[in-house]
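Before any comments, here is the structure.
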There are 2 protein chains.
Amino acid sequence: MSRERQHKHGAPVTMRDIAKEAAVSVATVSHVVNNKEGARIGEETRQRVHEAIDHLGYRTNALAKTLSVGSSRFIGLVADAIATTPFAGQIIHGAQDEAWKHGYVLLVANTEGNQAAENDAIAMMLEHQVKGILYSTWYHREIDVPESLHQTDTVLVDCFSTGSGLPAVVPNEQQGGKTATEELITAGHQRIAFINTTTPSPALTGRLAGYRSALEAAEIDFDESLVIPAVPEQEGGYEATAAIIASGATAVFCHNDRVAMGLYDGLREQGLDVPKDMAVVGFDNQEVIAAHLRPPLSTVALPHYELGAAGIRVLLGLEPEQDDEMYLIECPAIRRQSV
Amino acid sequence: MSRERQHKHGAPVTMRDIAKEAAVSVATVSHVVNNKEGARIGEETRQRVHEAIDHLGYRTNALAKTLSVGSSRFIGLVADAIATTPFAGQIIHGAQDEAWKHGYVLLVANTEGNQAAENDAIAMMLEHQVKGILYSTWYHREIDVPESLHQTDTVLVDCFSTGSGLPAVVPNEQQGGKTATEELITAGHQRIAFINTTTPSPALTGRLAGYRSALEAAEIDFDESLVIPAVPEQEGGYEATAAIIASGATAVFCHNDRVAMGLYDGLREQGLDVPKDMAVVGFDNQEVIAAHLRPPLSTVALPHYELGAAGIRVLLGLEPEQDDEMYLIECPAIRRQSV
DNA sequence: GTGAAAGCGCTAACAA
DNA sequence: TTGTTAGCGCTTTCAC
């Protein structure tokens with residue numbers, strides 16, 4: 001704590017300064033700083049160096065080190081919608097935790113869907129000698145991979161590109177849909193409606209497939225009229241209310257939490273109670289909504305944190321190899337009080 | 001586009017390679033790459049160099065450059081809740097846009113409130129020779145500044161620390177509260193309730209002050225019984241319903257959008273219509289909620305993007321100096337249909 | 001107009 | 001056990 005010079009500005013303290021102060025060579029300083037295995041350093045020398053270090057307030061220069069050892073500790077993360085959803089934040093969080101665990105640091109770039117920003121971001125990362133890049137989107141979908149991504153190791157997160165040869169880490173939509181439906185079945189429901197999205201996507205097909213497989217496993221006949229398409233927003237859920245009631249269902253699986261929120265409004269307007277008159281489960285586990293609806297919404301979580309973390313592991317080659325380069329991450333059930 | 005070697009792995013192309021290929025010295029290559037003013041380079045030489053560059057697929061090594069010129073282009077951003085709110089994302093977005101505009105790159109670290117993670121993050125940034133650090137929180141409050149932040153230039157974003165001497169960029173709560181109230185007054189309301197938070201904070205006092213000053217400006221007497229304390233969540237808003245109705249107010253300014261959402265539920269349950277029977281305005285402009293409630297909620301936005309951008313400007317010394325080192329950012333009204 | 005050489009802070013053989 | 005030396009990729013005087 002007894003720093004002589006704080007060097008907030010002005011020449012920073014370098015290894016040479018330490019070497020001089022401790023009357024040793026920079027090589028020696030380097031050795032003690034990095035606790036080198038091979039090099040035996042006398043205990044008293046080590047002492048002197050350490051004293052000099054915290055006397056002068058030395059801090060290693062990571063950039064110089066990188067240049068010298070040849071490989072950087074940066075991993076780039078380009079995201080398309082950091083600002084507009086809480087989801088990207090969780091991907092970042094997961095990626096960061098995992099990266100740090102392995103001694104890496106994240107270089108984050110937000111592109112907000114802008115092509116030019118994206119290219120700039122990738123170029124910037126390449127110039128900073130990143131170890132690799134995580135390319136992520138805020139909702140699961142197929143994408144065209146920017147050409148420049150092929151100049152380094154990259155893994156796709158929450159998106160994929162068939163034929164690109166790039167590994168992708170995505171949520172297991174089918175398992176998620178199945179899980180959601182099972183929550184309802186387990187609660188005793190037989191006539192279960194499904195408000196699906198209208199936008200073509202892995203979520204649309206995956207969750208539907210999951211819904212069907214859960215019914216099948218429970219030996220409930222699939223009834224096409226029970227799947228109701230809706231815009232995946234509150235408005236869509238609200239507007240689907242009449243159809244849901246007309247369907248005679250006693251439970252409904254909503255494509256996402258926002259749809260469920262809209263449905264709650266519609267149901268309440270008709271004097272229907274959740275879950276007594278109608279059980280509902282959502283999807284996404286969007287905190288601000290799901291946890292605070294009345295009653296709190298049971299849902300299935302999109303594992304964004306895990307997507308980010310797994311992305312890093314795949315990039316670093318720590319994840320067991322898969323055949324098809326598609327890493328499916330499980331979507332866990334989150335039980336609250338709407339079922 | 002005719003890269004001969006893509007060097008995805010293997011020795012990267014360096015300036016030396018270019019120099020050799022173009023039969024010039026590395027100094028010359030450096031000059032043309034950086035478009036140096038001083039150095040005159042023959043047109044044909046410049047040509048040759050450029051050809052070699054995109055023939056070999058050269059990309060400058062930002063780290064080596066930094067080491068050489070002595071000052072880095074990194075700016076650190078430490079955030080306490082990237083994952084749990086969409087707000088941090090907007091701060092990052094604003095900071096990034098502004099940083100890029102000036103040729104800087106963001107090193108982001110999420111600490112999720114963890115003291116150790118915070119220290120590690122700051123140490124990491126210092127080791128990477130950041131130009132400075134933006135220290136941000138996801139809601140406006142007073143903080144204790146980590147000791148290590150004093151080792152570099154830092155600016156506080158969405159938080160402050162009196163006596164620390166550090167510049168802080170924060171939302172103008174009072175103006176925001178005034179704006180919100182004015183929206184209601186302008187719509188003709190005279191008896192306006194205010195559901196305030198129960199947690200001591202700049203938001204609590206600032207918005208209340210703004211509320212009072214708006215009333216005063218409109219010559220409406222302040223009635224203490226019209227300010228109702230509530231937990232700043234949906235639950236709080238819902239529970240405040242009875243008090244609101246009992247107060248005889250025709251309009252209510254909610255401490256935040258979540259409270260407004262809860263209030264909507266309570267009001268609907270009593271058969272009251274928004275805005276006909278009760279006008280309501282929120283605060284925060286939390287997209288998922290405000291824009292999708294029925295009717296869509298008029299609110300006042302917390303200027304997170306601007307906070308991030310202004311933070312960078314202050315750090316870079318681009319913002320006109322203020323006396324008290326408190327930079328107040330305006331909270332604009334967002335008009336939708338609840339008034 | 002262009003190049004040689006020194007140096008940024010650090011690491012890594014190899015000597016001593 | 002410790003020091004010498006040669007780079008890592010780039011910039012920047014200062015000669016030619």
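Residue numbers begin at 1 in each chain, while the letters A, B, ... track the order of the sequences. Quick caveat, the model's predicted, so the values are computed rather than measured.
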Please tell me if the side chains of [X] and [Y] come closer than 4.5 Å, counting only heavy atoms from C-beta onward.
| X | Y | value |
| --- | --- | --- |
| A:Val145 | A:Tyr135 | no |
| A:His31 | A:Val49 | no |
| A:Pro167 | A:Phe160 | no |
| A:Ser161 | A:Leu166 | no |

B:Tyr104: what forms a ring pair (Phe, Tyr, Trp, His ring centres under 6.0 Å) with it, not counting sequence neighbours? none
B:Tyr139: which residues meet the ring pair (Phe, Tyr, Trp, His ring centres under 6.0 Å) condition with it, sequence neighbours left out?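 B:Tyr139 satisfies ring pair (Phe, Tyr, Trp, His ring centres under 6.0 Å) with no residue once adjacent residues are dropped.
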What string of B, S and - do you get for nucleotides 5-12 of chain C 5' to 3' if you count protein non-hydrogen atoms under 4.0 Å? --BBBBBB
Suppose we call two aromatic rings close when their centres sit under 6.0 Å apart. Are A:Phe74 and B:Phe74 close by that rule? yes
Kindly state whether the ring of A:His50 and the ring of A:Tyr58 have centres lying under 6.0 angstrom apart.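 Not close enough - the centres of the two rings lie 6.0 Å or further apart.
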Salt bridge (Lys or Arg N to Asp or Glu O under 4.0 Å): pairs with one or both residues in residues 90-117 of chain B, sequence neighbours excluded: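 Output for this query lists B:Glu98-B:Lys101, B:Glu98-B:Arg313.
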Net bend of the helix from C:dG1-D:dC16 to C:dA16-D:dT1, end axes of five pairs each, nearest 10 degrees: 40°
d([atom1], [X]; [atom2], [N]) in whole Å:
| X | N | atom1 | atom2 | result |
| --- | --- | --- | --- | --- |
| A:Lys20 | D:dT2 | NZ | P | 20 Å |
| A:Glu44 | D:dT2 | CD | C1' | 12 Å |
| B:Arg48 | C:dG1 | CZ | C1' | 12 Å |

Below the 4.0 Å mark, does C:dT2 have OP1 or OP2 next to a side-chain nitrogen or oxygen of B:Thr45? yes
So, A:Arg59 and A:Asp54, do they make that salt bridge, N to O below 4.0 Å?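 A salt bridge is absent here (no side-chain N lies under 4.0 Å from a carboxylate O).
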For DNA chain D, the residues among residues 121-130 of chain A that have a non-hydrogen atom under 4.0 Å from it: none
Going by the angle between their ring planes, with limits at 30° and 60°, are B:Phe87 and B:His304 parallel, tilted or perpendicular?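 The arrangement is parallel - the two ring planes meet at less than 30°.
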When all nucleic acid strands are considered with a 4.0 Å heavy-atom cut-off, which category describes A:Gly42: base, sugar-phosphate, or nothing? sugar-phosphate
